[in-house]
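Encoded as structure tokens, the structure appears first; notes follow it.
Everything numeric here is computed off the predicted structure, so don't read it as measured data.
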Amino acid sequence: MLNFDFYNPTHIVFGKERLNELDKLVPQNAKVLITYGGGSVKKFGTLPKVTEALKGREVLEFGGIEPNPRFETLMNAVDVVKKENIDFLLAVGGGSVMDGTKFIALAANYKGNDPEKILMGGAGTVEEAVPLGTVVTLPATGSEMNMGGVVTYNGGKLVFMSPLAFPKFSFLDPTLTYSLPKKQVANGVVDAFVHTTEQYLTFPVDGRFQDRTAEGILQSLIEIGRKTMDEPEDYDTRANLVWNATMALNGVIGSGVPQDWATHMLGHEITAFYGVDHGQSLAIVLPSLLRLRKEGKKAKLIQYAERVWNITTGTDDEKMEQAITKTEEFFNSLDVKTKLSDYGIDASGIDLMIGGLEAKGLKALSETRDITLDVSRQIYEAAL
Ligand code: NZQ
Ligand code: ZN
């Protein structure tokens, strides 16, 4: 097992009808800014429940954080935080609202006049941040219990990380996710699935807890994925999606093992140039990436075939191929398509996406840094 630090300070409040407990967890004298997205939290009644729980306090609202949140929008919120002397941020929404709020928390205390640098490796220079909490309405990203975020700047999706971005608390009430369209539920299943494979399908380091836990998450998602799309209000099924999605990216399964975030990096380019949903972009990249990197991932791919998909006969190569096909079929069973052409993208788009990777210096991705721009090109080509 590799050396690691594990630190995760987020208090999880899980279950239905618990939003009244917000009053205990938001600091008593804090002036609060509630952040939200395009309005689903108003339409489906979550925002009124949150404001009711905080009644009698000084609370302001900032709406309009878009999917794949934009730097400019978030900087408008930073102005509000500064002007109004906000001392607590409460994100009510999905990954985009949570990520955007983490950025606002850091940017409000950024010393220079180039806050975009936070998105270019500068998050570590921020020494203080506005504390934040979240109320999750979309199970997918794990943002509710991690220190990362993704913001769209200058047409590209940029990742930042800071321990100051960990939410103080996150409310996970599965019933708040019942209103999600099927497509967003499917995206969430795929996102959590791929977060797990990116920390599991690398090379073995005898991380037994991490491997068995990752396999448990993958099998749970396979069991519940379609069911929770078809029966959105089956509480236990949805509760399982919510908790699996959180555990897939809160540091637990990734500690002490190699990681390969290439699927996300290649996926971000598809979203940046073509507006394809985050989950869909991952479903396009993962199968092609696994096929192209079969040799480097051989031991773990065979383990994945045997333990996750119960494929126990055939040659090593047949097992790996069957497991990749099963993965593709699983995404398709959630009505998530796995080819670029399914989203209207043809070969002419590949240069653009390779250019995007190059501009960010993403020229040596994967657990062994062998996904060069050339290999990324082959992955996109294989996904046409
Ligand atoms: O904006 P509103 O009106 O709220 O509508 C949203 C949005 O249109 C809607 N929605 C959310 N909750 C709903 C709902 N609709 C009905 N009922 C509800 N309960 O869903 C749409 C998508 O929301 P979004 O927040 O964009 O989705 P998601 O949670 O998938 O987040 C995606 C973003 O997270 C980033 C992605 O790159 C992307 O920008 N990621 C963040 C990560 C992290 N912080 O660790 C890791 C992930 O890999 C990912 O990269
Ligand atoms: Zn993701």
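Contact check on D23 versus K55 returns no salt bridge, with no Lys/Arg side-chain nitrogen under 4.0 Å from an Asp/Glu carboxylate oxygen. Using a cut-off of 4.0 Å between Lys/Arg side-chain N and Asp/Glu carboxylate O, K294 and E321 are scored as salt-bridged. With respect to R238 and D234, no salt bridge is recorded, no charged nitrogen being found less than 4.0 Å from a carboxylate O. Residues D335 and K183 are not paired through a salt bridge, judged by the lack of any N-O separation under 4.0 Å between the basic side chain and the carboxylate. Checked for salt-bridge contact, K227 and E223 miss the test: no charged N lies under 4.0 Å from a carboxylate O.
Residues E128 and L164 share a closest heavy-atom pair of N-CD1, 3.7 Å. Nearest heavy-atom pair across V136 and T177 is O-CG2, 4.5 Å. For Y235 against G15, the heavy-atom pair with the smallest separation is OH-CA, 3.6 Å.
Results of the side chain to side chain donor-acceptor pair (under 3.5 Å) test with E144 over T134, T246, N250 single out T246 as the only residue that passes. When each of Q199, Q303, R307 is paired with D211, the side chain to side chain donor-acceptor pair (under 3.5 Å) condition holds for Q303 and for no other. When K300, R293, Q259 are each tested for a side chain to side chain donor-acceptor pair (under 3.5 Å) with E367, only one passes: R293. Remark: of the listed residues D99, T101, T35, I104, I104 is the sole one forming a side-chain contact (heavy atoms from CB on, under 4.5 Å) with L74. Tested against I345 for a side-chain contact (heavy atoms from CB on, under 4.5 Å), the candidates L352, L384, L340 yield a single pass: L340.
The CD1 atom of I379 sits 11.0 Å away from the CD1 atom of I350 when rounded to the nearest 0.5 Å. A distance of 5.0 Å separates CD1 in I224 from CG in L241, rounded to the nearest 0.5 Å. Taking CG of N187 as the start and CG of L282 as the end, the distance is 9.0 Å to the nearest 0.5 Å. Rounding to the nearest 0.5 angstrom, the gap separating the OG atom in S333 from the CD atom in E328 is 12.0 Å. Between T197 atom OG1 and D260 atom CG the span is 8.5 Å, to the nearest 0.5 Å.
A distance-only check finds no donor-acceptor pair linking the side chain of Y343 to the backbone of D277 [under 3.5 Å]. Using modelled atom types, no side-chain atom of N113 and backbone atom of P115 make a donor-acceptor pair closer than 3.5 Å.
Sorted by first and then second residue, the salt bridge (charged side-chain N to carboxylate O under 4.0 Å, His left out) pairs with a member in residues 337-359 read D351-R377; sequence neighbours excluded. Residue pairs satisfying the side chain to side chain donor-acceptor pair (under 3.5 Å) criterion with at least one member in residues 148-158, sequence neighbours excluded, are listed as follows: N68-K157.
Below 30°, between 30° and 60°, or above 60°: for F193 and Y304 the angle between ring planes is above 60°, a perpendicular geometry. The aromatic rings of H268 and H278 sit tilted, their planes meeting at an angle between 30° and 60°. Ring geometry for F88 versus F169: interplanar angle under 30°, hence parallel rather than tilted (30 to 60°).
Note on L362: it clusters hydrophobically with Y274, by side-chain heavy-atom contacts below 4.5 Å among ILVMFWY residues.
Aromatic ring centroids of F14 and F171 lie 6.0 Å or more apart.
In this structure the side chain of M145 reaches within 4.5 angstrom of the side chain of I12, judged on heavy atoms. Side chains of I253 and Y200 form no contact here, defined as non-hydrogen atoms less than 4.5 Å apart. Annotation: side chain of E269 is in contact with side chain of K360 (closest heavy-atom distance under 4.5 Å). Counting only heavy atoms from C-beta outward, the side chains of I34 and F62 never approach each other to under 4.5 Å.
Through ILVMFWY side-chain contacts below 4.5 Å, F44 is grouped with nothing and stands alone.
Around atom CD of E72, more than 12 heavy atoms belonging to other residues, nucleotides or ligands sit under 6.0 Å away. With a 6.0 Å radius and a threshold of 12 heavy atoms from other residues, nucleotides or ligands, R18 has its CZ atom above the threshold.
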